[in-house]
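Data block below; observations after.
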Protein chains: 2
Amino acid sequence: MSVSEKNQPEASEVRERILDAAEELFAEQGFDAVSLRQITTRAEVNLAAVNYYFGSKGGLVVEVLARVVGPINQRRLQMLDEAETQAAGQAVEVETILAAVFRPVIVSMNESEHSRQVVMKLAGRCMSEAGSEMPEAMRRLFREVADRFCASLSKALPRLSAAEVFWRMHFTIGSMLYALTQHETLVLLSDGKVLADDAEKALEELVAFTAGGLRAQNAKEGAGK
Amino acid sequence: MSVSEKNQPEASEVRERILDAAEELFAEQGFDAVSLRQITTRAEVNLAAVNYYFGSKGGLVVEVLARVVGPINQRRLQMLDEAETQAAGQAVEVETILAAVFRPVIVSMNESEHSRQVVMKLAGRCMSEAGSEMPEAMRRLFREVADRFCASLSKALPRLSAAEVFWRMHFTIGSMLYALTQHETLVLLSDGKVLADDAEKALEELVAFTAGGLRAQNAKEGAGK
DNA sequence: ATACGTTTAAAACACTTGTTTTAATTGTCA
DNA sequence: TGACAATTAAAACAAGTGTTTTAAACGTAT
């Protein structure tokens, strides 16, 4: 009988070390590319411990993801709550909504002891890598925030049809994920014009770009050439 | 001595079948997830044929990618050429530049016999999946188009600094890739409000969004609150 | 037909993967 | 202290990977 059947909140020396090691490795190389032996070696733990504590590699992935993404999504909802109560029934400004989606990633990045890149890449991978086989648990984790932000955006952009809101949320997510996972590429390609490690600047640019995209004229309405 | 050392353009029955099968499978599941046995089985070809014709799995990946992305990039440059000569020294409109980046994917999609999704996902994966270990050959394939479009965009958006052009090209690419690779997710999440298989509509929405993002006010200039 | 280079075929190779099994160790409560 | 569960450890397992080897078949020009 494994420890995972216990009801009390699971906490164990080696369990934590496995989660920490897996988090870093997954962020660097992706879920499939990392082997259990890599993880257990870095964690200085026996190989079988992973299956003992998490049942399978898949179980470990889910727990790593939940531990990173859970607090981020929680803070997202909280920030949106505050913005909406402050708006008192009126529509929240687009930039404020976007900041509520993006900023929690930075916050979570700063308050944990992880290297900056880890949180960013992990959060990104969990959506881009896990196509349709993304476990149900994850889908549920994201469903609430997606619905809330969809509603909030629809209210802020009454000119857009429901379908258009979906399209543009989609593009917004794409911009965010690419920024999270491919930041080094940008730094590299820009020849020093874009600095690494300036998360605030990245947030600023991301909000500006996506806000512009969300507010853009309808394709049809546009310049009647 | 393998056939790949010959100087004449390589063309062979089984070679083509391998490329076709690999293309589909890579698009569906990604490069690492697909095994050589899957490929050779679908191609109805002996396992060793892959190493015979392509040297290694990596060699196969490169050739598949080049065969898909090469023509797309060629058409991109051609469309941009036409737009720039027509503009006669003046800046090309942002929407026109974006269409020159995005439309070739659709064109390539329609003229080949591949299933629609194949080209889209493959083109997407080749940038999102191959982080920094993307082979040099690929980097060179994309370098020219990236440079050309960067220059064209800078001219069309003189208000933006060089760094900001990089940032926004980055987000633009992210939107495109996410649209290419995660289109099914969007269709699914939208509850029928967004239709699959409507590439023209997708292009239209993508251009509208990214044009809006590119033209957005600077973060600093924005609403002086 | 013989010989030769090219291509296909089958099998084996060396290695890695996630997972189990089995045994030893540890800690805790009666 | 003794007993029982939880945990750690080491080894083996079965399956799959890319690649190489070896031999057979093929086609073509001498």
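Lettering of chains follows the sequences in order, A, B, ..., and the numbering in each one begins at 1. These figures come from a predicted structure and were not determined experimentally.
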Length of the line joining [X]:[atom1] and [N]:[atom2], which is rounded to integer Å:
{"X": "B:Arg15", "N": "C:dT6", "atom1": "CZ", "atom2": "P", "result": "16 Å"}
{"X": "A:Leu36", "N": "D:dA10", "atom1": "CG", "atom2": "P", "result": "17 Å"}
{"X": "A:Asn46", "N": "C:dT26", "atom1": "CG", "atom2": "C1'", "result": "15 Å"}
{"X": "B:Glu16", "N": "C:dT7", "atom1": "CD", "atom2": "P", "result": "14 Å"}
{"X": "A:Tyr52", "N": "C:dT25", "atom1": "OH", "atom2": "P", "result": "17 Å"}

side-chain hydrogen bond (donor to acceptor under 3.5 Å, both in side chains) assessment of A:Ser175 paired with B:Ser175
CA-CA 5 Å; A:Ser175 299; B:Ser175 299; 2.8 Å; yes
Give the nucleotide from the list [options] with an atom nearest to the side chain of [X].
{"X": "B:Asn51", "options": "D:dT20, C:dT19, C:dT21", "value": "D:dT20"}
{"X": "A:Ala48", "options": "D:dA10, C:dT19, D:dT19", "value": "D:dA10"}
{"X": "B:Tyr53", "options": "D:dT20, C:dT7, D:dG18", "value": "C:dT7"}
{"X": "A:Lys57", "options": "D:dT19, C:dG18, C:dA9", "value": "C:dG18"}

What's the separation between atom OH in B:Tyr178 and atom CG in A:Leu177, rounded to the nearest 0.5 Å?
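B:Tyr178 atom OH to A:Leu177 atom CG measures 5.5 Å (nearest 0.5 Å).
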Within less than 4.0 Å of OP1 or OP2 of C:dG18, is there a side-chain N or O belonging to A:Ser56?
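The answer is no; no side-chain N or O of A:Ser56 sits under 4.0 Å from OP1 or OP2.
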Is any side-chain N or O of B:Ser35 closer than 4.0 Å to OP1 or OP2 of D:dG16?
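Answer no for this pair, as no side-chain N or O of B:Ser35 is under 4.0 Å from OP1 or OP2.
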Heavy-atom distance under 4.5 Å between the side chains of A:Phe209 and B:His170, does that happen here?
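A:Phe209 does not reach B:His170 side chain to side chain.
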Hey, are the side chains of B:Leu153 and B:Arg168 touching, using non-hydrogen atoms and a 4.5 Å cut-off?
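Result no, sub-4.5 Å side-chain heavy-atom pair not found.
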Examine the base of C:dG18 for any acceptor or donor lying under 3.5 Å from a partner atom in the side chain of A:Arg37, and report the outcome as yes or no.
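Result: at least one qualifying N/O pair found.
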Indicate, with a heavy-atom threshold strictly under 4.0 Å, whether B:Val14 touches base, sugar-phosphate, or nothing.
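Answer is sugar-phosphate: B:Val14 comes under 4.0 Å of backbone atoms only.
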